[in-house]
Amino acid sequence: MYVAPAYAQTESEAPASEAIEAGTEVPHDANGAESGFPPFETSSYPSQLLWLAITFGLFYLFLKRVVLPRISGILEVRSDRIAQDLDQAARMKDEADEAIAAYEQELAEARGRANEIGQQARDTAKAEADAERKAAEAELERKLADSTARIEAIKSEAMGEVGQIAAETTGAIMASLVGAKPTKAEIEAAIGRARG
Amino acid sequence: MANDPIHQFHITKLVPIEIGGLDFSFTNSSLFMVATVAAAGAFLYMTTASRGLVPSRLQSITEMSYEFVASMLRDAAGSQGMRFFPLVFSLFMFVLVANLLGMFPYFFTVTSHIIVTFALALLVIGTVVVYGFWKHGLGFLKLFVPEGVPGVLIPLVVAIEVISFLSRPISLSVRLFANMLAGHITLKVFAGFVTSLSAMGVVGVAGAILPLLMTIALTGLEFLVAFLQAYVFAVLTCMYLNDALHPSH
């Protein structure tokens with residue numbers, strides 16, 4: 001649409017342009033009102049300056065008021081968010097470290113308690129065993145003493161009976177050998193002598 | 001169709017307007033200024049509309065250009081220079097989009113007219129001078145007297161500095177204007193060779209391959225130039241603004 005006028009002009013200029021081979025030279029318009037080189041045509045300067053001022057001025061204001069604050073806002077929010085996330089990560093790491101420390105401490109305590117309980121159990125068992133052993137020993141001791149006493153009693157009893165048996169035997173032997181029957185007192189005296 | 005490489009720079013009136021004897025017509029140049037501003041503004045506005053925490057591709061283009069210009073300005077003029085960020089960013093985007101739009105066939109290149117680039121350059125230098133005097137008063141003139149220069153040489157050095165300062169708007173504007181103008185003329189000439197050679201029969205068509213390849217290569221180069229000149233314009237703007245902020249260098 002906007003190129004249409006350019007085309008229109010092109011056609012009106014066509015004869016002038018065709019005169020120049022390959023078109024590497026500056027053309028001269030047929031009407032001659034304007035110099036050939038558009039950037040140096042001062043008649044177009046006011047229009048260009050005005051429209052540049054309008055468009056660039058609006059562009060500048062638009063960027064300054066709307067776009068740049070928005071972009072800097074986006075970047076700021078992002079850097080804040082990153083800093084915040086890093087903080088949170090650091091805090092979580094601290095928490096994790098604390099949890100690990102607490103866990104290890106509890107583990108150590110538990111291990112200590114376990115050792116203690118084991119030690120106690122061992123001590124109790126040992127004490128009980130000792131007590132039982134002592135009781136058994138005392139019982140055995142007592143039984144031994146009893147037995148010894150009974151043996152002594154039986155022995156002395158038996159010894160007492162030995163004299164009597166010897167006297168009776170001596171009387172019986174005398175009676176059958178000599179035919180005489182000595183008295184019991186005589187026999188006992190005789191045995192006493194024989195024993196020394 | 002005319003083979004005239006200058007034809008593309010012609011300004012045609014679309015809506016004739018005349019105020020006080022001066023011609024303020026809405027021309028094809030005005031149309032493409034409006035198109036440049038509308039395209040750049042709409043792109044920047046719409047790509048950031050969602051304010052994505054995780055940027056989309058288009059949003060990251062906008063963010064990258066923002067950070068690109070911001071770091072350029074910060075490197076050249078320090079953090080104080082950031083007060084000029086809207087100006088530098090607007091200039092960069094305007095020149096870049098105008099250059100890129102000019103790459104479309106049949107489109108008018110706004111920056112191929114010296115008056116436009118000169119006006120932009122004067123805006124930059126005007127900002128430098130006004131801000132320099134407003135901020136530093138006459139101390140701004142220290143810009144023209146470098147420190148550590150022997151007394152005898154001062155008049156000579158000052159003369160050189162003044163000339164170099166005055167030539168800044170000229171070099172700034174001519175650089176952009178000449179690059180765009182020459183690039184478009186070269187493209188048109190080589191493309192013209194293709195059409196005129198291919199009209200000469202079989203041999204001509206075979207011979208037209210070379211300028212065709214050249215045209216393709218030049219198109220790539222022109223896209224590079226379009227970006228590079230916008231970048232150069234913005235970088236030089238930053239450096240000149242640095243003089244306004246810190247005149248005693």
Side-chain angles (χ1 to χ4, degrees), chain A residues 1-11 13-14 16-18 20-27 29 34 36-75 77-78 81-82, chain B residues 1-7 9-14 17 22-34 36-37 40-41 44-45 48 51-55 59 62-63 66-67 85-87 89-91 93-94 106 108 110 112-116 119-120 123 177 181 188-189 192-193 196:
Chain A
M1 284 92 269
Y2 39 81
V3 288
Y7 277 129
Q9 201 179 9
T10 304
E11 262 151 48
E13 275 175 12
S17 301
E18 269 172 10
I20 299 149
E21 282 289 326
T24 48
E25 286 172 39
V26 174
D29 282 2
E34 296 174 328
F37 195 52
F40 294 153
E41 279 168 17
T42 49
S43 64
S44 71
Y45 285 4
S47 155
Q48 292 203 60
L49 286 175
L50 174 75
W51 289 101
L52 178 68
I54 293 173
T55 52
F56 187 76
L58 289 177
F59 186 58
Y60 175 78
L61 285 179
F62 179 66
L63 289 194
K64 193 180 178 182
R65 295 274 157 79
V66 181
V67 172
L68 296 180
R70 186 192 268 187
I71 299 175
S72 67
I74 291 172
L75 296 177
V77 165
R78 181 174 306 144
R81 176 67 185 272
I82 288 169
Chain B
M1 181 73 205
N3 245 350
D4 172 13
I6 302 298
H7 177 77
F9 305 112
H10 269 298
I11 287 182
T12 50
K13 293 175 195 172
L14 302 179
I17 303 168
L22 287 173
D23 180 20
F24 289 116
S25 304
F26 189 82
T27 62
N28 54 348
S29 172
S30 319
L31 180 77
F32 276 93
M33 287 176 192
V34 172
T36 299
V37 166
L44 294 173
Y45 185 77
T48 53
R51 293 165 196 263
L53 194 63
V54 178
Q59 188 183 328
T62 301
E63 285 174 11
Y66 181 98
E67 282 172 344
F85 180 68
L87 175 69
F89 190 72
S90 308
L91 281 171
M93 288 311 285
F94 185 84
Y106 297 109
F108 183 83
V110 173
S112 67
H113 274 249
I114 181 80
I115 187 67
V116 172
L120 293 177
L123 175 65
F177 153 70
L181 184 88
K188 180 81 181 197
V189 167
F193 282 157
S196 53

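Note on naming: letters A, B, ... go to the chains in the order of the sequence lines (proteins, then strands), and numbering restarts at 1 for each one.
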With a 4.5 angstrom heavy-atom cut-off, which part of [X] approaches chain A: side chain, backbone, both or neither?
{"X": "B:L123", "value": "side chain"}
{"X": "B:F108", "value": "neither"}
{"X": "B:I17", "value": "side chain"}
{"X": "B:S29", "value": "side chain"}
{"X": "B:F9", "value": "both"}
{"X": "B:T36", "value": "neither"}

Relative to chain B, which segment of [X] carries a heavy atom at a distance below 4.5 Å: side chain, backbone, both, or neither?
{"X": "A:L75", "value": "side chain"}
{"X": "A:S72", "value": "both"}
{"X": "A:R78", "value": "both"}
{"X": "A:L63", "value": "side chain"}

- Task: Determine whether the aromatic ring centres of A:F62 and B:Y45 lie less than 6.0 Å apart.
- Result: yes
How many angstroms lie between atom [atom1] of [X] and atom [atom2] of [Y], to the nearest 0.5 angstrom?
{"X": "A:I74", "Y": "B:T48", "atom1": "CD1", "atom2": "OG1", "answer": "5.0 Å"}
{"X": "B:I114", "Y": "A:Q48", "atom1": "CD1", "atom2": "CD", "answer": "11.0 Å"}
{"X": "A:T55", "Y": "B:F32", "atom1": "OG1", "atom2": "CZ", "answer": "13.5 Å"}
{"X": "A:L68", "Y": "B:S90", "atom1": "CG", "atom2": "OG", "answer": "6.5 Å"}
{"X": "B:D23", "Y": "A:S44", "atom1": "CG", "atom2": "OG", "answer": "8.5 Å"}

- Query: Is B:L181 close to A:P39 at the side-chain level, that is, under 4.5 Å between some pair of heavy atoms?
  - Reply: yes
- Qualifying residues under ring-ring contact (aromatic ring centres under 6.0 Å, His included), relative to A:F56, sequence neighbours excluded: B:F94
Taking all heavy atoms of [X] and all of [Y], pick out the closest pair and write down the distance.
{"X": "B:M33", "Y": "A:L52", "value": "SD-N, 3.3 Å"}
{"X": "B:S25", "Y": "A:S47", "value": "O-OG, 2.7 Å"}
{"X": "B:G41", "Y": "A:F59", "value": "N-CE1, 3.7 Å"}
{"X": "B:P86", "Y": "A:Y60", "value": "C-CE1, 3.6 Å"}

- Message: Determine whether B:L87 and A:K64 satisfy the following criterion, side-chain contact (heavy atoms from CB on, under 4.5 Å), listing intermediate values before the conclusion.
- Response: CA-CA 8 Å; B:L87 175 69; A:K64 193 180 178 182; over 6 Å; no
- Message: As an exercise: rank B:V54, B:T62, B:L22, B:L44 by heavy-atom pairs under 4.5 Å with chain A and give me the winner.
- Response: B:L44
- Message: Go through it in stages, so that I can follow the logic: the residues are A:W51 and B:V110, the test is side-chain contact (heavy atoms from CB on, under 4.5 Å), and I'd like the CA-CA distance, side-chain angles, deciding distance and then a yes or no.
- Response: CA-CA 11 Å; A:W51 289 101; B:V110 173; over 6 Å; no
